[in-house]
Structures are given as C-alpha cells and as structure tokens.
Chemist: 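Structure below; questions to follow.
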There are 2 protein chains.
Amino acid sequence: MVDLLFRSLDHTHAAERAMKRSALPFDPIDLHQLKRSCGHCALSELCLPAGINQADLERLDTAVRDKRVLERGDHLYRQGDAFHSLYVVRSGSLKTVVESDEGDAQILGFHLPGELIGVDALANDHHLCAAEALERTSVCELPYTQLQQVMTEVPSLQRQLMRVVSREVVAEQRHLVMMGRQQAQERLAIFLRSLSERYGRLSRDTVTLTLTMSRYDIANYLGLVVETVSRLFTRMEAAGVLAVSRKTVSILKPDLLAAMCGTQDSGKKEPTRR
Amino acid sequence: MVDLLFRSLDHTHAAERAMKRSALPFDPIDLHQLKRSCGHCALSELCLPAGINQADLERLDTAVRDKRVLERGDHLYRQGDAFHSLYVVRSGSLKTVVESDEGDAQILGFHLPGELIGVDALANDHHLCAAEALERTSVCELPYTQLQQVMTEVPSLQRQLMRVVSREVVAEQRHLVMMGRQQAQERLAIFLRSLSERYGRLSRDTVTLTLTMSRYDIANYLGLVVETVSRLFTRMEAAGVLAVSRKTVSILKPDLLAAMCGTQDSGKKEPTRR
DNA sequence: TTTTTTGATTGATCTGGGTCAATGAAGCGA
DNA sequence: TCGCTTCATTGACCCAGATCAATCAAAAAA
C-alpha cells in the first residue's frame with residue numbers, strides 16, 4: 001500500500017533485467033524459448049495459434065515479440081501504465097490486481113501458461129490493473145498494433161483472439177458468481193478445483209497442487225480474510241479432503257471436494273436465496 | 001427458480017411476437033427504428049460505429065439485422081442457447097443472469113442503450129447466461145458470421161469491437177471489486193452513481209433516476225439481500241442523500257453519495273484490509 | 001369492484017466470517 | 001549463526017448483514 005507512482009514504461013526496466021540475467025550463469029529455459037515459435041509451442045492448442053494453419057502461424061510469429069522473463073514480485077505492467085501489448089503467459093504464473101484510491105487491493109485473477117492478459121487495457125489505452133509475477137515467469141508479448149495488422153490478414157486469428165478474450169470474460173463471470181453467492185468454504189473448494197482443472201489442461205498433476213500464491217492472495221481473491229482461509233484449510237484437512245503442507249496441497253477426495261462446491265446444504269432443503 | 005429447459009431457438013418466439021405486435025395499433029417507435037441505420041443512430045458514438053467513416057458504416061449496416069423488440073420479462077436468449085449473434089441495446093434495458101445448478105441466480109449486469117451483450121458466448125458457442133428485458137426493449141442483432149466477414153474488410157470495426165468488448169471486461173472488474181471489497185452501503189452508492197453516470201452518457205437526467213429493475217434484482221446484483229437494500233434506501237433517504245419513491249430515486253446530494261462510495265471510515269484511520 | 005399476487009418496507013433475532021491478538025515457522029540478509 | 005521480517009495458524013470475541021416474520025401497497029386477476 002505504498003508507491004503507486006505510475007511508470008509509463010516498465011519495459012525499460014525489464015530490458016535491463018534481461019540483459020543482466022543473460023550475463024549470469026545457467027539460465028537454460030530462456031535460451032531455449034527464444035528460439036521457439038508459436039508453431040512449436042507446447043501451449044499452442046490453448047493459446048492463440050489454436051486452429052490456425054501453418055502458413056498463418058508464421059505470420060502470427062511476426063507479431064510476437066521476444067519473450068520477457070519476470071522474477072517473483074516483478075510487474076509486467078502497473079495500474080495506469082500506457083497500453084502497448086497483450087501478453088500470453090508462457091511459463092510461471094501471475095496475478096492481476098486493482099488497487100482502489102483508498103489503498104486496498106482486489107486480486108482479479110491468477111494466470112497460468114496459455115492465458116491472455118491485458119485485455120482490460122484495450123478500452124481506454126491504459127492498464128486498469130497491475131500484473132505481477134508470482135514466481136519466475138515468462139510471457140510472450142504481442143504488440144497490439146502489429147497484432148491488429150496480422151489480424152486483418154489472418155481472419156482466423158481474429159476469430160481466435162475473440163474466443164480467447166471471451167474465455168477471459170467467462171472466467172470473470174465465474175469469479176463474480178463465487179463472490180456473490182458462495183459461502184467461504186465453497187469458495188475455497190471452487191478455487192482449488194478450478195486450479196486443479198487448469199493444471200490438468202497443462203498436463204500437470206491435478207492431485208498435488210503447488211500454490212504459487214500466498215494465503216493472503218488466496219483470501220483476497222476469494223473476498224475473504226487470511227484467517228478464514230487458514231481455518232478452512234485446516235478444517236478441510238481434518239475432514240480428510242485435503243493434505244495441506246504450506247504451498248503444497250493435495251486433493252485426497254476429489255468427489256468430496258466437488259460436493260463442497262455446490263451450496264452444501266447438509267440439512268436444509270431449499271437452497272438459500274440471498 | 002423453475003424451468004431451465006434450454007430452448008435452442010428463442011428466435012422463433014421473438015419472430016412470432018414481432019408479427020403479432022405489428023398487427024397491433026400504435027407502436028411508432030418500432031416503425032421509426034426500422035428505417036434507421038447505424039450512421040443515423042443517436043447511439044453511434046457509444047456503440048460500434050464510433051470512429052468509423054461513412055463508407056465503412058454502410059458496410060457495417062449489412063451486418064446488422066433488423067432490430068428485435070422485447071417486452072418486459074422476455075428473454076433475448078437463455079442460458080445454454082446456441083450462439084448466433086451479439087446484440088447491442090438500442091432502447092430499454094436488460095439484465096444478464098447466470099443460474100447455478102442449485103437454482104440460485106446471480107445477476108451479472110444491467111445493460112443500457114449502446115451496450116453490447118453476448119460476448120461470453122464466443123468462448124464455446126453457447127450462451128452461459130440469460131438476457132432478460134426489464135422493460136420494453138429493442139436491440140440490434142449482429143449475426144456473428146456476418147460481423148466477422150465485415151470485420152475482415154473493415155479493420156477499424158475490428159478494433160472498435162475489441163474496444164467495446166474490453167469495456168465489458170472493465171465493467172465486470174468493477175463489479176468484482178465491489179463484491180470483494182465494498183460494504184453494503186458503499187455498494188448501493190456505487191451502483192447508483194454508476195447508473196447516474198451511464199444515464200448521463202445517454203443525455204438523460206442524472207439526478208432523478210428511474211430504476212427499471214426490482215429491489216430483488218438490485219440486491220442480487222450487489223450480492224446482498226432485498227431487506228438490506230430496502231433498509232439502505234431508507235437510511236440514505238433519512239440522511240437526505242436520496243429521495244426514494246418506489247422506482248424513482250433522486251440524488252439530492254451527489255457529493256455525499258460520492259463520499260459514500262469510498263471506504264467511508266467515519267472514525268478509523270487505516271482502511272480495512274480484508 | 002374485490003381478491004390475489006407480488007413487491008417493498010420494517011422489526012427482532014441470529015450467525016458466518018471479520019477483527020484483534022498471540023504464537024510458530026520459514027526464509028533471508030548480514 | 002542470529003535477528004528480523006513475512007507468512008501461516010489458532011483462539012476469543014464481535015458485528016454487519018442474513019434470516020425469519022409481519023405488515024402494507026400496488027398491480028394484476030377475477
């Protein structure tokens with residue numbers, strides 16, 4: 001809750017960091033990735049290239065700038081920054097956060113590989129939220145003017161972008177329903193299931209999740225308080241549904257977890273209306 | 001909380017209604033509007049045509065099907081319906097609602113003239129929420145395949161559509177922040193101010209608002225219960241901020257209302273974290 | 001017109017989850 | 001290694017807003 005002096009060009013800082021880093025020893029991920037194109041990307045089916053043919057893919061590659069790498073806590077962009085590019089997460093994870101004038105923040109989402117961020121900035125050419133890396137994270141940068149150009153030439157890309165943006169809208173809607181209708185325990189259950197499912201799409205382990213965000217982040221995202229989240233983890237572990245150890249959470253009883261997502265009326269008949 | 005039998009084609013019903021209606025006496029609005037094109041529409045600056053030149057506007061018109069008119073309570077589409085078109089509200093207002101398996105609903109938004117709805121359906125070709133008219137409402141239908149075609153020919157339209165979609169994302173984000181961080185009174189204050197501001201953009205009275213939605217709808221939208229909303233109206237009227245009479249709400253002290261939007265700490269120093 | 005239904009308001013009471021406070025347990029820089 | 005800071009957990013208490021219930025008014029049906 002301190003400095004929110006808008007820096008219009010975070011890019012410069014990132015560039016500096018990138019240069020420093022390349023002078024450092026072992027950083028094999030970076031080097032590999034720089035050579036890769038959308039056509040060879042493991043994420044292609046989740047990402048913009050989905051359903052686009054080979055020739056058009058090459059065209060798309062011209063609109064993708066070199067990947068950027070962020071360390072934990074680095075900002076991809078800050079609230080108020082001028083808009084230049086959309087970003088696709090390549091590896092790692094980020095959170096997007098809006099901060100109100102009063103100083104309190106709301107986390108809008110956690111973003112895993114293959115997911116697009118920055119769409120909110122299209123409305124008025126400024127980022128309305130900040131994007132911050134939760135761990136070492138690399139992203140593909142899509143400078144928007146170039147992307148637009150390619151889209152006019154490749155209609156299927158235009159269609160695909162709309163689809164991806166729509167996914168973003170849907171995710172926000174689900175978040176909204178959670179905030180409006182769900183009880184605390186349901187929220188956490190939904191969050192964990194959704195995370196597990198998204199891990200699954202990335203062909204990761206869907207049972208043992210490694211949370212890259214803090215309890216504070218989880219609580220904030222769920223519209224709760226950190227103490228409540230902590231208590232819920234404890235309770236769900238006691239119920240045998242989860243095994244919790246710090247950042248590592250294992251889903252021991254997926255069916256029970258799923259049951260906790262609905263309005264878990266363990267006695268009432270009619271669902272609460274509110 | 002009753003019938004959610006998905007009808008894949010609500011269009012047919014609307015068509016029937018339209019025919020019936022045209023046989024009825026006085027309905028001058030309809031007749032006028034049918035003649036109008038995007039180029040002459042009073043909403044053009046708020047809507048898709050914004051920033052598009054005359055020649056391209058004519059092209060856009062080819063992608064806009066005849067307007068549809070809905071009566072209060074009519075559905076523009078239902079949850080689960082197959083996706084065909086986006087819609088722009090022309091006059092009147094609608095609400096979009098998701099209903100969970102458990103039967104309880106969450107209102108995602110209220111939609112005024114110039115606003116686009118249906119974007120969430122692009123993700124998987126099915127509407128994930130229902131859109132229901134709150135009063136007699138007319139919309140412009142944009143069949144998506146045609147819209148796509150025109151967009152490939154008119155890049156500025158493509159850009160503009162992304163901008164409008166982005167506005168939708170931003171609105172959802174604001175809703176989310178409200179649900180996550182704001183107290184009950186702040187939520188209502190924010191809601192009223194936002195409504196007033198949107199009325200202003202439509203050059204309507206920003207002081208005396210005519211609410212087209214019920215208290216239940218407002219409460220649901222705000223993640224509250226109808227009793228709470230009712231009490232808040234009473235309290236804000238007692239405080240001299242509002243004059244409330246059924247569906248008509250006048251903002252007597254806009255500055256006070258604005259002050260109620262922030263975390264109104266009438267004593268505390270640090271803003272609550274949560 | 002009267003009856004019925006639906007929407008809105010108000011009061012009394014209860015509770016889920018927030019607030020406050022204390023204690024551990026990592027991680028980290030020096 | 002030792003403080004120091006940050007993150008996480010747990011307990012005791014409290015309150016904003018939900019629930020329950022009753023009344024009233026408007027609108028729709030009869």
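In what follows, chains carry the letters A, B, and so on, assigned in the order in which the sequence lines appear, proteins first and then strands, with residues in each chain numbered from 1.
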Chemist: Find which nucleotide of DNA chain C each of A:Ala184 and B:Arg215 is nearest to by heavy atoms, and output the residue with the more 5' nucleotide.
Modeler: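 This one resolves to B:Arg215.
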Chemist: Calculate, to the nearest 0.5 Å, the distance between atoms CD1 and CG belonging to B:Ile218 and B:Leu195 respectively.
Modeler: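 With rounding to 0.5 Å, CD1 (B:Ile218) is 8.5 Å from CG (B:Leu195).
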Chemist: Of the listed nucleotides (C:dG18, C:dG27, D:dT10), which one gets closest to any side-chain atom of A:Val225?
Modeler: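 Selected nucleotide: C:dG18.
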Chemist: Among the nucleotides D:dA21, D:dT10, C:dA8, which one has an atom lying closest to any side-chain atom of B:Glu227?
Modeler: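 Nearest to the side-chain atoms of B:Glu227, counting from C-beta on, is D:dA21.
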Chemist: Check each of A:Val225, A:Leu224, A:Asn220 against A:Leu222 using the side chain to side chain contact (heavy atoms under 4.5 Å, CB included) test, and report the only one that passes.
Modeler: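 Of A:Val225, A:Leu224, A:Asn220, side chain to side chain contact (heavy atoms under 4.5 Å, CB included) with A:Leu222 is met by A:Leu224 alone.
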Chemist: Measure the distance from CZ on A:Arg72 to C1' on D:dC7 and round it to the nearest whole Å.
Modeler: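 Roughly 10 Å, once rounded to whole Å.
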Chemist: Please give, in whole Å, the distance from C:dG18 P to B:Gln182 CD?
Modeler: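 B:Gln182 atom CD is separated from C:dG18 atom P by 15 Å.
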Chemist: Would you tell me if any nitrogen or oxygen in the side chain of A:Ser230 comes within less than 4.0 Å of OP1 or OP2 on D:dT10?
Modeler: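 Answer no for this pair, as no side-chain N or O of A:Ser230 is under 4.0 Å from OP1 or OP2.
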Chemist: Assign each of B:Arg231 and B:Met213 to its nearest nucleotide of DNA chain C by heavy atoms, then name whichever residue's nucleotide is nearer the 5' end.
Modeler: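 The answer here is B:Met213.
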Chemist: First locate atom CG of B:Leu188, then atom CE of B:Met178, and finally report the distance between them rounded to the nearest 0.5 Å.
Modeler: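 Here the interatomic distance stands at 9.5 Å.
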Chemist: To the nearest Å, give me how far apart CG (B:Leu134) and C1' (C:dG7) are.
Modeler: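 That distance rounds to 15 Å.
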Chemist: Sorted by first residue and then second, give each ring-ring contact (aromatic ring centres under 6.0 Å, His included) pair with at least one member in residues 227-255 of chain A; sequence neighbours left out.
Modeler: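 Counting only pairs at least two positions apart or across chains, no ring-ring contact (aromatic ring centres under 6.0 Å, His included) contact touches residues 227-255 of chain A.
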Chemist: If the helix axis at each end comes from five base pairs, how far does the helix from C:dT1-D:dA30 to C:dA30-D:dT1 deviate from straight, to 10°?
Modeler: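 Overall, the helix from C:dT1-D:dA30 to C:dA30-D:dT1 bends by 50° from one end axis to the other.
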Chemist: Between atom CG in B:Leu232 and atom C1' in C:dT9, what is the gap in whole Å?
Modeler: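 Taking atom C1' of C:dT9 as the reference, CG of B:Leu232 is at 13 Å.
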Chemist: Would you say C:dA26 has OP1 or OP2 under 4.0 Å from some side-chain N or O of A:Lys247?
Modeler: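 For A:Lys247, the contact criterion (side-chain N or O under 4.0 Å from OP1 or OP2 of C:dA26) is not met.
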Chemist: Please report, rounded to the nearest Å, how far the P atom of C:dG7 is from the CZ atom of B:Phe233.
Modeler: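 Atom CZ in B:Phe233 sits about 16 Å away from atom P in C:dG7.
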Chemist: The side chain of A:Gln183 is closest to which nucleotide in this list: D:dG17, C:dG17, D:dT10?
Modeler: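 That would be C:dG17.
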Chemist: Evaluate the ring planes of A:Phe191 and A:Tyr221, with Trp represented by its six-membered ring, and classify them as parallel (under 30°), tilted (30 to 60°) or perpendicular (over 60°).
Modeler: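 Correct class here is tilted.
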Chemist: Report the nucleotide, chosen from C:dA8, C:dG18, D:dA8, that has the shortest atom-to-atom distance to any side-chain atom of A:Tyr216.
Modeler: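 The nucleotide sitting nearest to the side chain is D:dA8.
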Chemist: I'd like to know if B:Glu71 pairs up with B:Arg136 as an ion pair, taking the criterion as any Lys NZ or Arg NE/NH1/NH2 lying under 4.0 Å from an Asp or Glu carboxylate oxygen.
Modeler: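 Yes, this pair counts.
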Chemist: Let me know the distance between CZ of A:Arg187 and C1' of C:dG16, rounded to the nearest Å.
Modeler: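 Rounded to whole Å, this separation is 11 Å.
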Chemist: Are B:Ser214 and C:dT6 close enough that a side-chain N or O sits under 4.0 Å from OP1 or OP2?
Modeler: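 Checking C:dT6 against B:Ser214, no side-chain N or O comes under 4.0 Å of OP1 or OP2.
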Chemist: Is the side chain of B:Gln79 donor-acceptor paired with the backbone N or O of B:Glu99 at a distance under 3.5 Å, no angle test?
Modeler: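 Yes, because the side chain of B:Gln79 sits within donor-acceptor range (under 3.5 Å) of the backbone of B:Glu99.
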Chemist: Does the side chain of B:Thr228 get closer than 4.0 angstrom to OP1 or OP2 of D:dA18 through an N or O atom?
Modeler: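 Checking D:dA18 against B:Thr228, a side-chain N or O does come within under 4.0 Å of OP1 or OP2.
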Chemist: Exactly one of A:Thr212, A:Leu211, A:Asp217 should register a side chain to side chain contact (heavy atoms under 4.5 Å, CB included) with A:Ser214. Which one does?
Modeler: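 Exactly one option meets the side chain to side chain contact (heavy atoms under 4.5 Å, CB included) with A:Ser214, and it is A:Asp217.
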Chemist: Rounded to whole angstrom units, what separation is found between the CD atom of B:Gln185 and the P atom of D:dA18?
Modeler: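 Value for this atom pair: 14 Å.
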Chemist: Using whole Å, what does the distance between atom C1' of nucleotide C:dG18 and atom CZ of B:Arg181 come to?
Modeler: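 For the pair B:Arg181 CZ and C:dG18 C1', the rounded distance is 12 Å.
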Chemist: Starting the side chain at C-beta, find the nucleotide from D:dA8, D:dT9, D:dT19 nearest to A:Val244.
Modeler: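 Nearest to the side-chain atoms of A:Val244, counting from C-beta on, is D:dT9.
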